[in-house]
Number of protein chains: 2
Amino acid sequence: MTEATPGRRGGRQLPTADELRIWRDFIETTAALGSRLESRLQGDSSLSTGDYSVLLALSEAEGQAMRSSELASHIGWERSRLSHHLGRMERRGLIRRQESATVPRGAEVLLTTAGAEAFRGATFPHLRAIRELFVDALTPEQIVAAGEIATALRARLDVPRAQ
Amino acid sequence: MTEATPGRRGGRQLPTADELRIWRDFIETTAALGSRLESRLQGDSSLSTGDYSVLLALSEAEGQAMRSSELASHIGWERSRLSHHLGRMERRGLIRRQESATVPRGAEVLLTTAGAEAFRGATFPHLRAIRELFVDALTPEQIVAAGEIATALRARLDVPRAQ
DNA sequence: TTAGCATCATTGACACGTCAACCGGTAGGT
DNA sequence: ACCTACCGGTTGACGTGTCAATGATGCTAA
């Protein structure tokens, strides 16, 4: 297939004008979609999508608590990012941090009642926004295609410099 | 079609588990793709994608200069965002700002030679990265599908609260 | 024992975005 | 002429993200 379409996978270095146009549409639209979701969530609940990820993970954790590093890897964040974010969330009373009693060097992050409350209030409008802005915008076939595209892009991202 | 698939477009409020999984894959992967491009560009040229957009627009403008508001609408940024960004770019010597001689209240943004230089150096690696991380990660059919998905999502974003 | 050494987490500096307030100038209506 | 309203642009405050440096703690090998 790569042989049968000369120039497609071959020595060409740069995207064509069409590919570039699609690239720009794609990356800008997905970014705009993210921002829209962000501001919807903000308006509906005064939470950011970062807050939401953290609260979701803690809500599902047993005891409504997780080790910081565990939380970081669970939601795929760098520890530094999480630490900054937890600081801001702690100031707003959404979570608490305490030295883990069991593990010596481990910081436990725990959901406060205010945090659990905020998460419960945010869930429904957030999911509704996802449905309106993503699910309902696409045909069922396009949703499947979007999943496959994400998988293909992710695979490429995971092998940073292969070839 | 919407009638033939009961429940699909009907009274349901929330995404299904499958839709939600695809949503997360999709939004997280596209965000990660953006970050990867950003850091590739940063490493190759010490420019951000924001810098790149500004420099691209100025490079293509006649006289390598544009009015600030014109530039903002050309690349789709808020005025405030552009103003902050131009301040940072000016500090690095990539652009200059001056009162427009012709239009009284208009600020002209002009490309410096350093800015033009930086842009020229960034173009090739940036386009190559787009090809590696996006174009080459997808089949030709998937690229077309990505374009259609972007168009559909954009259409929904442009009518914020329609229905 | 102690000298590294990796790991967990935090911190500071900085770039980036958004929001709301502000400023100066121009245009319109009275 | 004067008041007002808008328009182009800037600024400040703040939340957010990355990177590099730092503490603090446990592990391992001399």
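Proteins come first, then strands; the chains are lettered A, B, ... in the order of their sequence lines, and each starts at number 1.
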Any donor and acceptor pair, going by atom type alone, linking the side chain of Gln13(B) with main-chain N or O of Arg128(A) inside 3.5 Å?
-> no

Taking Arg156(A) for its side chain and Glu132(B) for its backbone only, find out whether a donor-acceptor pair lies under 3.5 Å.
-> yes

For Ser73(B) and Glu70(B), indicate whether the former's side chain and the latter's backbone hold a donor-acceptor pair under 3.5 Å.
-> yes

Whole-Å distance between dT16(D) P and Glu90(A) CD?
-> 15 Å

Look for any protein N or O under 3.5 Å of an N or O in nucleotides 5-9 of chain D and output each such pair with its distance, or none.
from: dG8(D); atom 1: N7; to: Arg79(B); atom 2: NH2; distance (Å): 3.4
from: dG9(D); atom 1: OP1; to: Ala107(B); atom 2: N; distance (Å): 3.0
from: dG9(D); atom 1: OP2; to: Ser69(B); atom 2: N; distance (Å): 2.7
from: dG9(D); atom 1: OP2; to: Ser69(B); atom 2: OG; distance (Å): 3.0
from: dG9(D); atom 1: N7; to: Arg79(B); atom 2: NE; distance (Å): 3.0
from: dG9(D); atom 1: N7; to: Arg79(B); atom 2: NH2; distance (Å): 3.2

Heavy atoms under 4.0 Å is the rule here; annotate nucleotides 16-21 of chain C 5' to 3' with B where the base is hit, S where only the sugar-phosphate is, and - elsewhere.
-> BSBBB-

Can you sort out the partners of Ser39(B) under side-chain contact (heavy atoms from CB on, under 4.5 Å), two or more places apart, ordered by chain and number?
-> Arg36(B)

Close residues, residues 52-60 of chain B, relative to DNA chain D [heavy-atom separation under 4.0 Å] | none

Euclidean distance, atom CE of residue Met66(A) to atom P of dC8(C) [Å, nearest integer] | 14 Å

May I have the list of side-chain donor-acceptor pairs in residues 147-155 of chain A shorter than 3.5 Å, sequence neighbours left out?
from: Thr151(A); atom 1: OG1; to: Gly147(A); atom 2: O; distance (Å): 2.9

Going by distance alone, is a donor N or O of one side chain under 3.5 Å from an acceptor N or O of the other, for Glu141(A) and Thr139(A)?
-> yes

Sequence neighbours excluded - side chain to side chain donor-acceptor pair (under 3.5 Å) pairs with any residue from residues 112-127 of chain A = Glu117(A)-Arg120(A)

Do Asp44(B) and Phe124(B) have side-chain heavy atoms sitting under 4.5 Å apart?
-> no

In short, Ala122(A) meets Leu41(A) closest at the heavy-atom pair CB-CD1, 4.1 Å

For Met89(B), which of Leu58(B), Asp51(B), Val109(B), Leu82(B) qualifies under side-chain contact (heavy atoms from CB on, under 4.5 Å)?
-> Asp51(B)

Whole-Å distance, Leu82(A) CG to dA9(C) P, equals 9 Å

